[in-house]
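Worksheet: one structure, shown below.
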There are 2 protein chains.
Amino acid sequence: MTMPKRDTYTPDSLLTVAVQVFNERGYDGTSMEHLSKAAGISKSSIYHHVRGKEELLRRAIARALDHLFAILDEPEAVHGRAVDRLEHVTRRTAEVLMAELPYVTLLLRVHGNTDTERWALARRREFDQQVAALLKQAAAEGDLRADVDVRLATRLLFGMINSIVEWYRPERGTLAAREEVADAVAKMAFAGLRV
Amino acid sequence: MTMPKRDTYTPDSLLTVAVQVFNERGYDGTSMEHLSKAAGISKSSIYHHVRGKEELLRRAIARALDHLFAILDEPEAVHGRAVDRLEHVTRRTAEVLMAELPYVTLLLRVHGNTDTERWALARRREFDQQVAALLKQAAAEGDLRADVDVRLATRLLFGMINSIVEWYRPERGTLAAREEVADAVAKMAFAGLRV
DNA sequence: AGGGTAACCGAACGATCGGTCGGGACAAGA
DNA sequence: TCTTGTCCCGACCGATCGTTCGGTTACCCT
């Protein structure tokens, strides 16, 4: 059996700290000095656990992407009417975004300056396109309003969902709060605010 | 009369270049070397026109904020039923965001690492709160659905609008395209996607 | 007891950061 | 022609960047 208790860092536990700092200061705005202060170990010790700054970013982004793509394989995202599958994916994406908040936040703020960042952007585009296909099908089945362009609607939908990272903070009773937010997103996106 | 033609830089024309690079690489990811290459003048020449990197950021952000706050003073945002004023502000914010895209983009990506950035965040919060008040009033007048929290709805609304900076590119016949997007935002936010 | 190794450290690396400095080219006004 | 001011330059500054290196603990296994 592997022991659950650790008073030293593992690559993963170090990642937890790093991702938090990245989100506070921005990836480019964070130095290894900042990370060492936050982690409570020296700058050089960080390199004992990971190859460098960019590996921390890569690990974080990979984790976010894994969780997001897993949504598309869930039964409710595969079977049923397209508009219902779309609503499920919408709700689940919002939930995953809140559950994996700091990791997804990093993913969403990538600029494309390095190879790692460009890879992140490409994978994100893949995910978006799969959801866009779902939207297109729902429109073809006549379940979405016809006076809004499908690509435009996709972008606005993702915009609304992704914006959660800008303000959501997982302080309180997490699960109920997450469901309330995901519910609000689904209501607003599919039924609108107006009575 | 001042001459309109210039083959040398002014603080404003330099800002145009700088803001573009900031948006491509991120503010922290942009060096003065990057700016000098993009502007076609030496690094030190930039300091002839502006005090430094942070002044460029401050100028850009100030311009974005000026345009945004001007919306709240428009007649249609002051008179009439709250829900209609809210829809006007929604539409106009989307339009301003597209018309002043690179400047607003910078504003929306600020982290709060410096005094300038913290000032930007504070002003942005002011704007958000004024719109939130409008939403609250519309809800009190019974024009918004009661099963979604007002603060939550405000955030999702802004999230949808602000996300435009992530994909909108002002290539084609700008005005008509902008109105189509602003229209889609208003429709989705107030009436929803579902038929 | 002793050998191995995981976890850490301080010091220093070359590169690059934002910014400064003194001066050159050039046009306008006297 | 001489001065003045705008616009720009290359060279350089101290500071900080991400990273490397040699070495010191302290604990595990035999």
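Sequence lines set the chain letters: A, B, ... in the order given, protein chains first and strands last, and positions in each chain run from 1. Heavy atoms only: backbone and side chains are in, while hydrogens, waters and symmetry mates are out.
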Please state how far atom CD in E55(B) lies from atom P in dT20(C), giving the value in whole angstrom units.
12 Å
Salt bridge (Lys or Arg N to Asp or Glu O under 4.0 Å) between D128(B) and R125(B), intermediate numbers included:
CA-CA 5 Å; D128(B) 288 12; R125(B) 232 174 286 128; over 6 Å; no
Ordered by number, residues from residues 11-42 of chain A within less than 4.0 Å of DNA chain D (heavy atoms) are T30(A), S31(A), M32(A)
What integer distance in Å separates I46(B):CD1 from dC7(D):P?
15 Å
From NZ of K53(B) across to C1' of dG19(C) the rounded distance in Å is 12 Å
Gap between atoms OH and P, on Y9(B) and dC9(D) respectively (whole Å)
10 Å
R178(B) to Y168(B) six-membered ring, cation-pi geometry met (6.0 Å, 45°):
no
Distance-only donor-acceptor test, S44(B) side-chain atoms vs dG19(C) base atoms, 3.5 Å
no
Do the side-chain N or O atoms of T8(A) get closer than 4.0 angstrom to the phosphate oxygens (OP1, OP2) of dA7(C)?
yes
Checking E117(A) side chain against V110(A) main chain: does a donor-acceptor pair fall under 3.5 Å?
no
Of all the choices, dT20(D), dC8(C), dC7(D), which nucleotide is nearest to the side chain of Y47(A) once you look at every atom?
dT20(D)
Can a donor-acceptor pair be found, under 3.5 Å and without considering hydrogens, that links the side chain of T105(B) to the backbone of L101(B)?
yes
Taking only side-chain N and O atoms of H48(A), does any of them lie within less than 4.0 angstrom of OP1 or OP2 on dA7(C)?
yes
Judged by each residue's nearest nucleotide on DNA chain C, which is more toward the 5′ side, E54(B) or H49(A)?
H49(A)
Checking side-chain polar atoms at under 3.5 Å, does H34(A) have a donor or acceptor matched by the opposite partner on S31(A)?
yes
Heavy-atom check, side chain of D115(B) versus side chain of R118(B), under 4.5 Å
yes
When you measure only distances, ignoring hydrogens and angles, does the side chain of K43(B) come within 3.5 Å of the base of dG19(C) through a donor and an acceptor?
yes
Between R124(A) and L65(A), which heavy-atom pair has the shortest distance, and what is it?
N-CD2, 4.3 Å
Can you tell me the distance, in whole Å, between the CG atom of L57(A) and the P atom of dT19(D)?
12 Å
